[in-house]
Asks: 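One structure coming up, written as structure tokens, with questions to follow.
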Amino acid sequence: MNLVKLTIDGKKVEVPAGTTIYKAAKELGIDIPILCYMDLKDLNIENKPGGCRICSVEVEGRKNLAPSCSTDVAEGMEVRTNTMRVINARRTVMELIISDHPKDCLSCAKSGSCDLQDMAIRLGIREIPGQEYAEMSTYRLDTSPSIIRDLDKCIMCRRCETMCNDFQTVGALHAVNRGFQAVVAPAFEMNLEHSPCTYCGQCVAVCPTGALTEVDHTGKVIAALNDPSKTVVVQTAPAVRAALGEEFGMKAGTLVTGKMVTALRQLGFDYVFDTDFAADLTIMEEGAELLGRLTRFLEGDKDVKLPILTSCCPGWVNFFEYNFPEMKEIPSTARSPQQMFGSIAKSYFAEKIEIDRKDMVVVSIMPCLAKKYECQREEFMVDGNPDVDISISTRELAHLIKQANLDLVRMDEEDFDKPMGESSGAGVIFGVTGGVIEAATRTAYEIYTGKSLEKVDFEQLRGVDGIRSASVDFDGQEINIGIAHGLRNARKLLEEIKEGKSHYHAIEIMACPGGCIGGGGQPLHHGDASILKARTKAIYEEDRNKPIRKSHENPYIKKLYEEFLGEPLSEKAHELLHTHYFDKRKKIFQV
Amino acid sequence: MPEATLLANPVKKQIRIALRNCGVINPETIDEYIGKDGYFALGKVLTGLTPAEAIKVIKDSGIRGRGGAGFPTGLKWEFASKNNSDQKYVVCNADEGDPGAFMDRSILEGDPHSVLEAMALCGYCIGANTGYIYIRAEYPLAIERLKIAISQAREYGFLGNSVFGTGFDFDIHLKYGAGAFVCGEETSLIHSMEGLRGEPTLKPPFPAESGYLGKPTNVNNVETYANIPVIFLKGAAWFSGIGTEKSKGTKVFALAGKVNNVGLIEVPMGVTLREVIYEIGGGIRDGKAFKAVQTGGPSGGCLTEKDLDIPIDYENLIACGSMMGSGGMIVMDEDDCMVSIAKFFLDFSVEESCGKCSPCRIGNKRLYELLERICTGKGEMKDIDRLRNLSEVIKDTSLCGLGQSSPNPVLSTLDNFYHEYISHVEDKKCTAGVCRDLMEYFIVEDNCVGCTACARACPVGAITGERKEIHLINLEICIKCGACMEKCKFDAVILK
């Protein structure tokens, strides 16, 4: 490796050629302030537009200051990060940025976790000269089902744009306008709802300010819990338990399942259930569908559509409805676990406890922002009454718990309620990339071969690579499985199918990095893959500790079929647990 | 034949190289270009020189980029030639955007073949076989003439496969810009060509390493290219014999403002501003006093009497706080308010900033607001300090040439006309009589005949006075609309 010697603030350092000044300074323990720069190293995503200019430093012999985040080191370079020229420039630029930023920190959703606020504190900003006559750039507030865009707070760091375009290839967000009115928005400054946005929430996850936030439904949850006429049922997605603790200062990867259940009960939910139960149900339906298509295919039926694609991830569903609508017959018709849960809660369970579905409020706790949109889809309503009424994120749940003066760390551990709180390990691993297909494999294998699995862990399906492929031996029949997380990777697999080059029988796709554990509604991971890895580990740990590891062995699922649904893919199951997809391509930018 | 957009009478001091054929030949007839030795340079180089030898000619000639930055053209070509790639591109920057500048347009409209020939020469030198002309769509005549020229050149075998039968292939296509000023910056231009947002990115990588579609690309301005064929025909020594030590050849300027002769001029490097303004420009209009000259377009600086005898070249203009730019030259007289002039140019930069980096996006807006305060009598002394600090920080921290130079009009007027700022701020007076908010209407007693026309015209009843007696304007009520002044036939209403 080619090493380069340079001096930073009088200290000598040697770094590989191609290193930026910012990173070289880090080696020396010099922490140059950065604002727009973002390095999601482990996801292979770097945002360095060199736009904010906060990281400017002085380089000997150079006419103007250099942005350290995007200027490479050179042999013999002499860098100064703390001269008065630099400090004055940095403060002045910061004052400029704040001069065009609202000062409503007290009621801002990002207050306390805002990079701009942190920078103002760090640079000791006390007043903004000329603020009284400074014009502010203002924009229309855009509220979509999942995400709120308050662009008055946008500082043009372009991080969201990088996530939306480079990582997700969604293309909903771009810089528009020029000069003082330049801002990141959908084309023609349309609302997000009219763009190809999938609501994956990765933009929200990286926004340094309050410009992009989730639609907060905690107020609605409080109102529902306050209403004595309502029976409030809560379901928690698998990935939530592996990350919620981080919001309370616990180490990444700490499982808080039992504590979370206690907290939810103390918050006043009438029934604390588990989305994992519905995940088991998903496997019954999706697994049956997979086996059905597979059997027909192996019997020589040329019309059968393969590969089958998973359909649990609402961001992914939105993505193919916008980008690959001509292939909308390929994904499994199985609803997502969130929606299966709502549907069963408001039919089977409502009957059981003898209440009208209108008197039941189903709240879901999700690592996801697209779930907020999913539960508002018309096809998931009965006479205008949604199967899932309110979906809140992991972050919103943490706020609720804190508002109720509950200390999650010291909370006792309790169990979920029955019947919809019982789940298998297969349901748990839905939270990580590869988990859904592994869960499906456990069940499909046993049903297809009629044999019992000796080892339920399919290590070949696990991992962190964006695209993975593996084959599983179904008693002499090779089943080829593809896995992708991140929509950029999903797009590649979809293009292969379109070109007829795909050799897969089944593909699992998750929109977010690492699967749901890296969802847009999770505690912010700032691209630190070690956090994602720790959450993944926790999910597999919960799976291992479960007495039941396969969905079809969940006794309450068996009971549900016996008492209510009949069998997988039955008429009733179709009505309550399956869905269909739409061609949304033509809807983009049509108002 | 096009209407000549040049000076009617090309007076002394001018040497025409870039403009040699403009207004002389019919630009829609390739034969007329050939009749002026057109495409001879291409033939000579393709058949007689290796690319390295040809690049050496350009290097020896000393020609530097005419788009503004003044980077040595030969060096640029050499960089592009040394980067190995299966595909390279030659790009002509025809995104001329300075207000009042039309050098490139005139060349493209009057002599399009000279640019095509030069691009083919460049392609041969750097090893590219595709050229693009990035031209703003607001130049329809230039586009039309380029299309005609390209098709004629293809017909004659000067473009296309095996030019002059040498086996060298080269063709040229047009790309249209939407007229964003910042797309004149080469990285922005390339992004715009690629269909991306026209905004700059950090250099390195330079276009010569990674340009259009990631391939080595050489970008030169129209005027630079127009010089190239002549250099090959007359030799590097001839070209470098013209101009100053570090700036060779000629430069085209768009002379405008308060001089008697306005229009395009082409002068050898090294002439003085005084020669340009008084000899070519014919001096200041109406016998008024010269006050300043702005060179380098909207982000150049305003120079004064003390700078008039400095030989014009890249270094000298920068040393005295301005720049060559693409060749705008606006002359101002005693009636021009320098604070307003700075505000005028800044307005352009605010409008044309792409918005990518914060100092340019927000800083220029704040500079404009400060100038607006000063021009309307709300300025305070601390605003002047802020103007200077902000200007320096914007220059120091902006991403591209636009922000790095946009505060120049502010800084140069602060340096050269500080007293005008002071009188606006301290005395609330605009001595040039431009800033309306700082002026008041008065009636000159000696001229007033008491006709009452002014009082009847005043929409707010601010003027009082009996018929045939002297009238008076109540300044407390006056809204400074100027109606009284317009109505008065006796020059009795004045503004001061």
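In what follows, chains carry the letters A, B, and so on, assigned in the order in which the sequence lines appear, proteins first and then strands, with residues in each chain numbered from 1. Remember, it's a predicted structure, so these values are computed and weren't measured experimentally. Quick note: numbers below take in every heavy atom, side chains included, and nothing from hydrogens, waters or symmetry partners.
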Asks: Do any N or O atoms from the side chain of B:Ser353 and from the backbone of A:Gly179 form a donor-acceptor pair under 3.5 angstrom?
Replies: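 Side chain of B:Ser353 to backbone of A:Gly179: no pair is present.
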Asks: Taking atom NZ of B:Lys378 as the centre, report whether more than 12 heavy atoms of other residues, nucleotides or ligands fall under 6.0 Å from it.
Replies: no
Asks: Given the options A:Ile54, A:Asp100, A:Thr71, which has more heavy-atom pairs under 4.5 Å with chain B than any of the others?
Replies: A:Asp100
Asks: Go through the steps to decide whether A:Arg91 and B:Val393 satisfy the test side-chain contact (heavy atoms from CB on, under 4.5 Å), and finish with yes or no.
Replies: CA-CA 10 Å; A:Arg91 276 184 74 103; B:Val393 170; over 6 Å; no
Asks: Are more than 12 heavy atoms, taken from residues, nucleotides or ligands other than B:Lys175, located less than 6.0 Å from that residue's NZ atom?
Replies: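 Atom NZ in B:Lys175 is crowded, with more than 12 foreign heavy atoms closer than 6.0 Å.
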Asks: Could you pull out the closest heavy-atom pair between A:Ala182 and B:Gly355, with the gap in Å?
Replies: CB-CA, 3.8 Å
Asks: Among B:Glu369, B:Glu372, B:Lys382, B:Arg366, which residue forms the greatest number of heavy-atom pairs with chain A at distances under 4.5 Å?
Replies: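 Counting heavy-atom pairs under 4.5 Å, the top option is B:Arg366.
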Asks: Are the side chains of B:Lys395 and A:Asn64 in touch, meaning some heavy atoms are under 4.5 Å apart?
Replies: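 Side chain of B:Lys395 against side chain of A:Asn64, heavy atoms only: no contact under 4.5 Å found.
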Asks: What residue, out of A:Arg90, A:Lys48, A:Lys63, A:Arg85, has the most heavy-atom pairs lying under 4.5 Å from chain B?
Replies: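 Result: the option with the highest number of such pairs is A:Arg85.
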Asks: Any side-chain heavy atom of B:Ser358 sitting closer than 4.5 Å to one from A:Leu96?
Replies: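 Contact flag for B:Ser358/A:Leu96 side chains = no.
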Asks: Between B:Gln404, B:Glu352, B:Arg373, which residue shows the highest count of heavy-atom pairs closer than 4.5 Å to chain A?
Replies: B:Arg373
Asks: Which of the residues A:Ala66, A:Ser99, A:Ser137 is involved in the greatest number of heavy-atom pairs with chain B at under 4.5 angstrom?
Replies: A:Ser99
Asks: Is the shortest side-chain heavy-atom distance between B:Pro204 and A:Asp72 below 4.5 Å?
Replies: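 In short, these two side chains do not touch, never coming nearer than 4.5 Å.
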Asks: Given that the side chain runs from C-beta out, which part of B:Glu199 has a heavy atom under 4.5 Å from chain A: side chain, backbone, both or neither?
Replies: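 The side chain, not the backbone.
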Asks: Counting heavy atoms not belonging to B:Tyr176, are there more than 12 under 6.0 Å from its OH?
Replies: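 Yes, because the 6.0 Å sphere around OH of B:Tyr176 holds more than 12 heavy atoms from other groups.
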Asks: Measure distances from B:Thr397 to the heavy atoms of chain A and classify the residue's part below 4.5 Å as side chain, backbone, both or neither.
Replies: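 Both the backbone and the side chain of B:Thr397 come within 4.5 Å of chain A.
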Asks: Can you say whether B:Arg361 sits under 4.5 Å from chain A via the side chain, the backbone, both, or neither, judging by heavy atoms?
Replies: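 Both the backbone and the side chain of B:Arg361 come within 4.5 Å of chain A.
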Asks: Could you look at A:Glu95 and say if it's the side chain, the backbone, both or neither that has a heavy atom under 4.5 Å from chain B?
Replies: neither
Asks: Between chain B and each of A:Gly130, A:Cys52, A:Ala175, count heavy-atom pairs under 4.5 Å; write down the option with the most.
Replies: A:Ala175
Asks: Below 4.5 Å from any heavy atom of chain A, which atoms of B:Leu399 appear? Answer side chain, backbone, both or neither.
Replies: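 Its backbone and side chain both get close to chain A.
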Asks: CZ of A:Arg178 to CD of B:Glu351: how many Å apart, nearest 0.5 Å?
Replies: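 So the gap between those two atoms works out to 6.5 Å.
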Asks: At their closest point, which heavy atom of B:Leu202 faces which heavy atom of A:Ser70, and how far apart are they?
Replies: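 The pair with the smallest heavy-atom distance is CD2-O, 2.9 Å.
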Asks: Would you find more than 12 non-hydrogen atoms of other residues, nucleotides or ligands less than 6.0 Å from B:Lys246 atom NZ?
Replies: no
Asks: Checking side-chain contact (heavy atoms from CB on, under 4.5 Å) for the pair A:Phe180/B:Asn364: CA distance, chi angles, key distance, verdict?
Replies: CA-CA 9 Å; A:Phe180 194 58; B:Asn364 281 321; over 6 Å; no
Asks: By a 4.5 Å heavy-atom criterion (distance strictly below it), what part of A:Val183 contacts chain B: side chain, backbone, both, or neither?
Replies: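 For A:Val183, no heavy atom lies under 4.5 Å from chain B.
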Asks: Rounded to the nearest 0.5 Å, what separation is found between the OG atom of B:Ser398 and the CG atom of A:Leu65?
Replies: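 One gets 10.5 Å once the value is rounded to the nearest 0.5 Å.
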Asks: Find the one option among A:Gly51, A:Ala89, A:Cys36 whose heavy-atom pairs under 4.5 Å with chain B are most numerous.
Replies: A:Gly51
Asks: Taking NZ in A:Lys41 as the centre, count heavy atoms belonging to other residues, nucleotides or ligands within less than 6.0 Å. Is the count above 12?
Replies: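 For A:Lys41, atom NZ is not crowded (no more than 12 foreign heavy atoms under 6.0 Å).
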Asks: What is the distance from atom CZ of A:Arg53 to atom CG of B:Asp396, rounded to the nearest 0.5 Å?
Replies: 10.0 Å
Asks: Considering only heavy atoms, which portion of B:Glu392 lies under 4.5 Å from any heavy atom of chain A: side chain, backbone, both, or neither?
Replies: neither
Asks: Checking heavy atoms, do the side chain of B:Lys365, its backbone, both or neither come under 4.5 Å from chain A?
Replies: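 For B:Lys365, the side chain is the part near chain A, not the backbone.
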Asks: Passes side-chain contact (heavy atoms from CB on, under 4.5 Å), B:Arg197 versus A:His174? Steps please.
Replies: CA-CA 9 Å; B:Arg197 179 177 164 85; A:His174 282 287; over 6 Å; no
Asks: Listed by chain and number, what are the side chain to side chain contact (heavy atoms under 4.5 Å, CB included) partners of B:Asp347, not counting sequence neighbours?
Replies: B:Tyr368
Asks: For chain B, which candidate among A:Ser56, A:Gly50, A:Pro49 shows the most heavy-atom pairs at distances under 4.5 Å?
Replies: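 Option with the greatest count: A:Pro49.
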Asks: Please round to the nearest 0.5 Å and tell me the distance separating atom CD1 of A:Ile98 and atom CD1 of B:Ile362.
Replies: 10.0 Å
